[in-house]
Amino acid sequence: MAKTWFITGTSSGFGRLLTERLLVRGDRVAATARRPQALADLKAHHSDHLWIASLQMTDSDAIKATIGKAFDDLGHIDVIVSNAGYGLFGAAEELDDNQIRDLIDTNLVGSIQVIRAALPHLRKQHGGRILQVSSEGGQMAYPGFSLYHATKWGIEGFVESVRQEVASFGIGLTLVEPGPTQTNFGASLISSQSEEIYANTPVGDLRKAFAEGSFDVKGDPHKMVEAMIASVEQNPAPRRLTFGAAAYASIRSALQGRLTELENQKDAALAMDIDP
């Protein structure tokens with residue numbers, strides 16, 4: 001059966017591909033973007049199924065109002081896709097305060113506010129599904145992406161908690177964790193001013209790989225979009241969708257490393273409780 005979706009960040013990347021695919025299959029889409037004119041071609045061909053709104057993810061009041069209007073206009077929304085976000089590269093001390101604040105306000109606070117604004121409407125209609133686009137970087141970390149990882153690890157913790165809060169209302173939440181994927185993520189990546197002191201460090205090595213185009217990107221975004229769509233038919237909602245061989249390998253390595261470290265300190269941890 002046709003569904004109705006609300007998707008943020010639809011001018012490019014996963015948001016754009018997801019919107020295109022859903023419209024082709026006959027679903028309705030409420031699409032938001034900072035530049036809604038980027039969707040003009042889709043509106044011309046799918047005017048009856050495409051609802052468009054301009055939305056700046058750093059404006060919490062606008063997020064709440066836009067989601068409210070989408071529910072008012074469309075009546076019932078089956079799936080919320082919190083997708084909008086971007087990357088910021090640079091050693092932690094290279095980044096300036098404005099870059100840090102804008103990234104956190106967009107990727108973390110903005111995503112939190114999308115979910116918070118949708119929940120009352122989903123409760124009222126007795127259920128729905130939320131897909132939060134995270135990253136392999138929500139469970140592991142590359143050098144030079146410290147603030148990006150802070151937003152992704154942060155939203156993953158938020159979703160883990162909210163999932164437990166709203167399960168009894170029939171609302172399911174899924175974290176989507178793609179690895180390096182052939183979208184325009186790299187083109188929209190914001191970089192700090194580099195400092196010479198970091199030239200011969202892992203940050204410098206990664207910066208050089210980006211500049212030379214040698215950073216390996218094999219993820220197929222079309223396959224990932226299809227898997228995201230298919231996931232909303234699963235019941236219960238999958239907690240996570242890991243996309244790509246690189247993501248699988250990096251997340252597995254990170255989890256195994258943390259588990260090993262935890263086991264190595266088991267005796268010390270258990271000894272910290274109050275003596276009986």
Side-chain angles (χ1 to χ4, degrees), residues 9 11-16 34-35 56-58 83-112 132-158 175-221 224 242-262 264-265:
S11 62
S12 62
F14 283 119
R16 170 75 186 211
R34 287 184 303 160
R35 300 178 292 104
Q56 175 60 257
M57 290 295 290
T58 57
N83 164 73
Y86 67 97
L88 175 61
F89 179 80
E93 66 174 312
E94 292 177 336
L95 305 173
D96 68 45
D97 290 347
N98 289 332
Q99 289 176 323
I100 292 170
R101 174 52 57 191
D102 189 71
L103 185 79
I104 292 174
D105 285 348
T106 300
N107 288 15
L108 180 56
V109 178
S111 295
I112 288 171
Q132 173 61 56
V133 178
S134 177
S135 163
E136 64 169 350
Q139 295 203 63
M140 51 75 70
Y142 292 102
F145 282 96
S146 58
L147 266 296
Y148 177 76
H149 289 301
T151 65
K152 294 305 182 181
W153 285 59
I155 197 60
E156 294 223 357
F158 176 79
L175 287 159
V176 181
E177 298 175 333
T181 306
Q182 293 184 4
T183 62
N184 63 342
F185 177 84
S188 62
L189 185 68
I190 305 297
S191 294
S192 67
Q193 291 292 323
S194 61
E195 296 185 9
E196 184 62 30
I197 194 67
Y198 281 100
N200 296 315
T201 70
V203 175
D205 293 343
L206 199 51
R207 180 177 275 121
K208 183 178 179 181
F210 289 146
E212 295 177 345
S214 60
F215 188 81
D216 202 15
V217 179
K218 294 183 177 179
D220 185 333
M224 295 177 188
T242 302
F243 289 155
Y248 174 83
S250 65
I251 292 174
R252 186 173 187 271
S253 177
L255 292 175
Q256 287 182 322
R258 290 204 291 277
L259 184 58
T260 297
E261 291 174 352
L262 179 64
N264 287 341
Q265 62 168 312

More than 12 foreign heavy atoms under 6.0 Å from CZ of Arg252: is that the case here? no
Okay, side chain of Trp153, backbone of Tyr148: is any donor-acceptor separation there less than 3.5 Å? no
Atom CE of Met57 and atom CG of Asn83: how far apart are they, to the nearest 0.5 Å? 9.0 Å
Taking atom types as modelled and ignoring hydrogens, do the side chains of Glu136 and Ser250 form a donor-acceptor contact shorter than 3.5 angstrom? yes
Check this for me: Phe210, atom CZ, are more than 12 non-hydrogen atoms of other residues, nucleotides or ligands nearer than 6.0 Å? yes
Answer yes or no: is there a donor N or O on one side and an acceptor on the other, between the side chain of Ser253 and the main chain of Ala249, under 3.5 Å? no
Point-to-point distance, once rounded to the nearest 0.5 Å, from NZ of Lys152 to CG of Leu175: 9.5 Å
Rounded distance (nearest 0.5 Å) linking atom OG of Ser194 with atom CZ of Phe89: 9.5 Å
Whether Gln193 side chain and Glu94 backbone form a donor-acceptor pair below 3.5 Å: no
How many angstroms lie between CG in Leu95 and OG in Ser191, if you round to the nearest 0.5 Å? 9.5 Å
Examine the side chains of Glu177 and Gln139 and answer whether a donor and an acceptor come within less than 3.5 Å of each other. yes
Considering non-hydrogen atoms only, spot the tightest contact between Met140 and Ala254 and give its length. CB-CB, 3.8 Å
Any chance CG of Asp96 has more than 12 other-residue heavy atoms, nucleotides or ligands included, within less than 6.0 Å? yes
May I ask you to check whether over 12 heavy atoms, not counting those of Gln256, lie within 6.0 Å of atom CD? yes
Rounded to the nearest 0.5 Å, what separation is found between the CD1 atom of Ile100 and the CG atom of Leu147? 4.5 Å
If you take all heavy atoms of Ser146 and Ala92, which pair is closest and at what distance? OG-CB, 3.7 Å
Mind checking the CZ-CG spacing from Phe145 to Leu206? Nearest 0.5 Å is all I need. 5.5 Å
For Gly138 and Ser134, which heavy atoms make the closest approach, and how far apart are they? CA-OG, 4.0 Å
Are the side chains of Tyr142 and His149 in contact, using a 4.5 Å heavy-atom criterion? yes
So Phe14 and Thr181, do their side chains get closer than 4.5 Å, heavy atoms only? yes
Presence of salt bridge, Arg207 and Glu212, under 4.0 angstrom: no
Walk me through it: do Gln99 and Ser192 pass the test side chain to side chain contact (heavy atoms under 4.5 Å, CB included)? CA-CA 8 Å; Gln99 289 176 323; Ser192 67; 4.2 Å; yes
List the atom pairs, with distances to 0.1 Å, where a side-chain N or O of residues 197-205 and a protein N or O form a donor-acceptor pair under 3.5 Å, not counting sequence neighbours.
from, atom 1, to, atom 2, distance (Å)
Tyr198, OH, Glu93, OE2, 2.5
Thr201, OG1, Tyr198, O, 2.8
Thr201, OG1, Val203, N, 3.3

Evaluate side chain to side chain contact (heavy atoms under 4.5 Å, CB included) for Tyr86 paired with Leu103, printing each intermediate quantity in order. CA-CA 7 Å; Tyr86 67 97; Leu103 185 79; 3.6 Å; yes
Nearest heavy-atom approach of Val217 to Pro180 is CG1-C, 3.7 Å
Do the side chains of Arg101 and Asp105 get close enough for a salt bridge, i.e. N-O under 4.0 angstrom? yes
Do the side chains of Ile155 and Ile112 get nearer than 4.5 Å, heavy atoms only? yes
Derivation and outcome, side chain to side chain contact (heavy atoms under 4.5 Å, CB included), residues Ser11 and Arg34: CA-CA 8 Å; Ser11 62; Arg34 287 184 303 160; over 6 Å; no
